[in-house]
Amino acid sequence: SQKIEQNSEALNIQEGKTATLTCNYTNYSPAYLQWYRQDPGRGPVFLLLIRENEKEKRKERLKVTFDTTLKQSLFHITASQPADSATYLCALDNSGNTPLVFGKGTRLSVIA
Amino acid sequence: NAGVTQTPKFRVLKTGQSMTLLCAQDMNHEYMYWYRQDPGMGLRLIHYSVGEGTTAKGEVPDGYNVSRLKKQNFLLGLESAAPSQTSVYFCASSYGDEAFFGQGTRLTVV
């Protein structure tokens, strides 16, 4: 069966440390993988997209890696801040031109 | 630009009542989606549309109908609401990859 798994429901880290979130998938062949941020009571907001032929993508303090052999994406937030506290969702298509399928999310708490 | 706007934001229905959720986008996107989000279940796709006049079923379509008569609008209907349809509903639109979400509709069926 097809699955998208995010490594943990919740992750607590100290301010200033790097947060690393994991997204693993099974029985999908995504053309790309995306990461979204969701704050309580709000809709998800797009952060980064990485394509199957890209190994790494960066945007300010965010970094995403994509390993199609391991079927895994890692999402890093460096120098984390309390304002980074939110739920982070990974999402992928299935061979392109299909609706996004989402993981259940990881709730990140950055503690000052 | 307003982006993606959902109406209403909150609603309480009695079992068996019907209602329509409206989603409007002003970005000229071809693709539109309805998801529901439940605790511990993540976002699950109900129905989607790849263009005006087209609709398709997602992962959890039962009990819902949709229509896309105009490119900018995507309507989600509940013909006979059930308590299992208590959820937060999100509409999204995209031009192919990045999705833009509305603020959500919190629906409670009692």
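Atom set for the values below is all heavy atoms of this structure, side chains included, hydrogens, waters and symmetry mates excluded.
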Using every non-hydrogen atom in the two residues, find where [X] and [Y] come nearest and quote the distance to one decimal.
| X | Y | answer |
| --- | --- | --- |
| B:Tyr33 | A:Pro99 | CE2-CB, 3.7 Å |
| B:Asp97 | A:Arg51 | OD2-NH2, 3.2 Å |
| B:Phe90 | A:Gln38 | CZ-NE2, 3.5 Å |

Is it the side chain or the backbone of B:Leu45 that comes within 4.5 Å of chain A heavy atoms, both, or neither?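 It is the side chain, since no backbone atom gets that close.
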Segment of B:Tyr35 engaging chain A (4.5 angstrom heavy-atom cut-off):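 Interface part for B:Tyr35: side chain.
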Under 6.0 Å from the [atom1] atom of [X], do we count more than 12 heavy atoms belonging to anything else shown?
| X | atom1 | value |
| --- | --- | --- |
| A:Gln81 | CD | yes |
| B:Arg44 | CZ | yes |
| A:Glu60 | CD | no |
| A:Glu15 | CD | yes |

Distance (rounded to the nearest 0.5 Å) between A:Phe102 CZ and B:Met41 CE: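 One finds 15.5 Å between CZ of A:Phe102 and CE of B:Met41.
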Interface residues of residues 56-68 of chain B facing chain A - non-hydrogen atoms under 4.5 Å apart: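 Result: none.
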Members of residues 101-110 of chain B whose heavy atoms come closer than 4.5 Å to chain A: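 So far as heavy atoms go, B:Phe101, B:Gly102, B:Gln103 are the residues that approach chain A to under 4.5 Å.
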Answer with yes or no whether the hydrophobic clustering places [X] together with [Y]; edges join I, L, V, M, F, W, Y residues whose side-chain heavy atoms lie under 4.5 Å apart.
| X | Y | value |
| --- | --- | --- |
| A:Leu92 | B:Phe100 | no |
| B:Leu43 | B:Leu76 | no |
| A:Leu62 | A:Tyr36 | no |
| B:Leu78 | B:Phe74 | yes |
| B:Val4 | B:Leu75 | no |

Given that the side chain runs from C-beta out, which part of A:Ile4 has a heavy atom under 4.5 Å from chain B: side chain, backbone, both or neither?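 Neither the backbone nor the side chain of A:Ile4 comes within 4.5 Å of chain B.
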Could you check which of A:Leu89, A:Val101, A:Leu100 has the highest count of heavy-atom pairs closer than 4.5 Å to chain B?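 Looking at each of A:Leu89, A:Val101, A:Leu100 in turn, A:Leu100 comes out on top.
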